[in-house]
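Below, chain A is the first sequence line, B the second, and so on; all start at residue 1.
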Amino acid sequence: MVDPILQVRDLHTHFFADEGVVRAVDGTSFDLYPGRTLGIVGESGCGKSVTARSILRIVERPGRIVSGQILLRRGDGSQIDLAAQSPDSAEMRTIRGGEIGLVFQEPMSSLSAFHTVGNQIIEAVRLHSKLSKKAARDRAIELLAMVGIPRPAQRVDAYSFELSGGLRQRVMIALALAAEPGILIADEPTTALDVTTQAQILDLIRRLQQERQLAVILITHDMGVIAEMADDVVVMYLGKEVEKGPVDTIFHAPRHPYTRSLLRSIPSVLARPRDRLATIAGSIPHPFARPKGCPFHPRCPDFMPGTCDRDFPKEVAIADRHSTACHLYAS
Amino acid sequence: MLTYLARRLVLALITTWAITVVTFIIMQLPPGDFVDAYVSQSSAMGSSISAAEADAMRQAYGLNQPFYIQYLKWMSFVARGELGLSFEYGRPVTEVIGDRLWLTIILSIGAILVTWGLALPIGIYSAVRQYSFGDYVFTFVGFIGLAIPNFLLALIIMYVGFRYFGLNVGGLFSAEYALAPWSFAKVWDLMEHLPIPVFILALAGTAQLVRIMRANLLDELRRPYVMTARARGLPEYRVILKYPVRAALNPFASTIGYLLPFMVSGSVIISVVLSLPTVGPLLLRSLLSQDMLLGSSIILLLGILTVIGTLLSDMLLMWIDPRIRLGRDT
């Protein structure tokens, strides 16, 4: 296998609020390869989005990266640790958009209503290249055509509120790829869309990935999307990485009780009428009241008193590239 | 877009008409009329006016006719641009208001420009650096500015300006130009007098607008489109100035509507303190002496200024907000 384009090593991003410290991302590590998709999955508030923002260094105050490394391999083969850069540096700005593109969950409010979509795409194109205005406009039309927007030459002058949700998300993808980055981070790209549009957007991401050997980080809470799109999966719970491995292993031989619970709660077409959908007991703890030990223990079906509520479990390798952090598997 | 404009224009006309009616009613509200005021004034000065004389005056001015006739008469004059005679000054109202109107408008526009020039950058700074030392300083100064009555501020600034800087305070003209016909020298004299009143008038609105701008911008800064702009690799100042500031200007533009009349009516006391030859003090005097035609003309003028201001802000909104321009809301 080729070298990873992005390596995240033991990343910790904490938010320092007046009420206390929220450890939004608390020790995440993964590798991202060109042409492959890494799925990050978990419930709301488990630190998926903060992980994405940490990589781009756009975590908002009072949050900041406390420790860890984010190693990006660049076009010339050199490696740069994004966690060590200043968020406002020129270096970071060329990487944002230029080498890593980001697509957000909210296609409705992620575009400015005061500027045409063309204006925003042209801005992104010219920011990372030396194209003239005219050439950048042609490029914007090309990008809109690439993401499958009909009549791109007219739509370039449209405002976002004149487009449907699906078209807006396509514009967002065009915007993220305007400077031809090698990495695309899609943060819940289909959550706000209806199911048919979801499938189209996922197809589009997959097609673009194949065409340009994009490395994709797909953040979602939808196990169905993961099954369809991801090559590798990271399961997160309360900022902790609880299990990671190839997608087949995660779906067919999940080890961590949390992963198993997540998989059980997928609605099935085989279910009989009036069967209740399995849910995970309890709810996510308040961020300031994180349980001691393994954060999942209050909701865990395999809770072992005296062990799980005392120490956080170490990561255990189950097989090649498959590991989990759970006391059940501690040797 | 044309429907939007047309609707605004029709609404403006209807509003203007409604204002004329309300103006007229307001002028009729105080007990008694100009003649009563005149009679009591005269008797206070020692000369008495008989009831017959008073009735004759009422006859002459048409004050004993029914309400709607008086209104229609007044309107027919107003429509022809004749605002009638001021009872008190014995001169046409247009002449009495005359230059004062232009001076008021110059003063107001100057004050609005200074207000914006101060409030916009301070508001942006306070929002972007929320809870920073600078933000607290501006908030503190702003609240003090809001709490101190402006006429008091005017007095203090006048005193300091006169005592320590030898500035020419009070009025808009030096004595030798006050009654002189317009000339280059007189305009220059006006320019020299403008800064202090403009500054004091502007301070009245600045503190408030800073708070509005700060709150607007804080709302906008949390929107996802700011994050996407940042994720594109834009430098921070361009992210802020191009996107959220642009969006925060929207409510700003709609404040112009009432800023215009506020500058005229809200500055009455300041104008009296600074003895500015503007419309404000004139309105006060006409109301005190029940000089009906003069007072109603000024109130009418204020109303029309409000309508024009609102119309202007509507057009400005249309210009800066494509959602309105294209007739859609999201």
Side-chain angles (χ1 to χ4, degrees), chain A residues 18 49 52-53 55-62 87-116 119-121 123-128 157-163 168 171-172 175-179 181 185 187 192, chain B residues 1 4 124-136 213 216-254 316-330:
Chain A
D18 291 340
S49 295
R53 285 172 199 186
I55 295 171
L56 281 169
R57 301 303 310 277
I58 51 173
V59 178
E60 285 178 321
R61 280 180 301 168
D88 303 323
S89 65
E91 193 77 19
M92 229 23 253
R93 287 206 305 270
T94 59
I95 289 168
R96 254 178 239 143
E99 293 175 50
I100 307 175
L102 181 61
V103 175
F104 274 113
Q105 173 178 358
E106 302 273 344
M108 306 297 156
S109 47
S110 291
L111 289 163
S112 164
F114 291 87
H115 304 85
T116 60
N119 176 308
Q120 293 168 74
I121 300 176
E123 175 189 64
V125 168
R126 297 195 72 200
L127 200 61
H128 298 285
D157 293 319
Y159 289 93
S160 63
F161 54 85
E162 298 179 285
L163 304 176
R168 284 184 218 189
V171 170
M172 285 304 298
L175 203 48
L177 297 180
I185 303 180
D187 187 355
Chain B
M1 181 166 116
Y4 176 82
I124 293 173
Y125 174 87
S126 276
V128 174
R129 299 261 175 275
Q130 192 189 9
Y131 303 141
S132 69
F133 179 72
D135 178 28
Y136 282 125
M213 184 67 198
N216 287 350
L217 194 54
L218 280 176
D219 274 352
E220 294 296 331
L221 283 173
R222 294 193 196 98
R223 305 271 160 116
Y225 68 85
V226 180
M227 186 74 88
T228 32
R230 211 170 270 149
R232 246 172 268 160
L234 280 178
E236 190 64 18
Y237 73 93
R238 269 177 68 188
V239 171
I240 304 244
L241 289 184
K242 182 171 175 184
Y243 297 104
V245 167
R246 176 71 191 274
L249 282 180
N250 233 9
F252 228 73
S254 39
L316 195 65
L317 271 178
M318 197 173 78
W319 178 55
I320 65 172
D321 192 336
R323 283 169 300 188
I324 297 175
R325 195 162 62 230
L326 299 173
R328 248 173 264 195
D329 7 54
T330 298

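Across all their heavy atoms, B/Asp135 and B/Tyr131 have their closest contact at OD2-N, 2.8 Å. Contact record, A/Leu175 with A/Gln120: CD1-O, 3.4 Å, taken as the closest heavy-atom pair. The two atoms that bring B/Tyr243 and B/Leu234 nearest to each other are CE1-CD1, 3.7 Å, heavy atoms only. The heavy-atom pair separating B/Ile240 from B/Leu221 by the smallest distance is CD1-CD2, 3.9 Å. Here the closest non-hydrogen pair linking A/Phe104 and B/Met227 is CZ-CG, 3.0 Å. B/Ser132 approaches B/Tyr125 most closely through the heavy-atom pair OG-OH, 3.9 Å.
Residue A/Gln105: no heavy atom, backbone or side chain, is found under 4.5 Å from chain B. Only the side chain of A/Arg61 has a heavy atom closer than 4.5 Å to any heavy atom of chain B. Proximity to chain A involves both the backbone and the side chain of B/Pro235, based on heavy atoms less than 4.5 angstrom apart. Heavy atoms of A/Asp187 lying under 4.5 Å from chain B are absent altogether. Contact of A/Met92 with chain B is not made at all, since no heavy-atom distance falls under 4.5 Å. For A/Phe114, the parts sitting under 4.5 Å from any heavy atom of chain B are the backbone and the side chain alike. Proximity to chain B (any heavy atom under 4.5 Å) is restricted, for A/Leu102, to the side chain, taken from C-beta onward.
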- request: Could you check A/Ile55 against A/Ile100 for side-chain contact (heavy atoms from CB on, under 4.5 Å), going step by step and ending with a plain yes or no?
  value: CA-CA 9 Å; A/Ile55 295 171; A/Ile100 307 175; 3.8 Å; yes
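The candidate with the highest count of non-hydrogen atom pairs below 4.5 Å against chain B, out of A/Arg53, A/His115, A/Glu60, A/Arg57, is A/His115. Taking B/Lys242, B/Glu236, B/Arg230 one by one and counting their heavy-atom pairs under 4.5 Å with chain A, the maximum is reached by B/Lys242. Annotation: maximal heavy-atom pairing with chain B below 4.5 Å, among A/Gly97, A/Ser109, A/Ser112, occurs at A/Ser109. Of the residues considered (A/Asp88, A/Ile185, A/Leu127, A/Leu56), A/Leu127 shows the highest number of contacts with chain B, using heavy-atom pairs under 4.5 Å.
Side-chain atoms of B/Tyr225 and B/Glu220 form a donor-acceptor pair, as typed in the model, at a separation below 3.5 Å.
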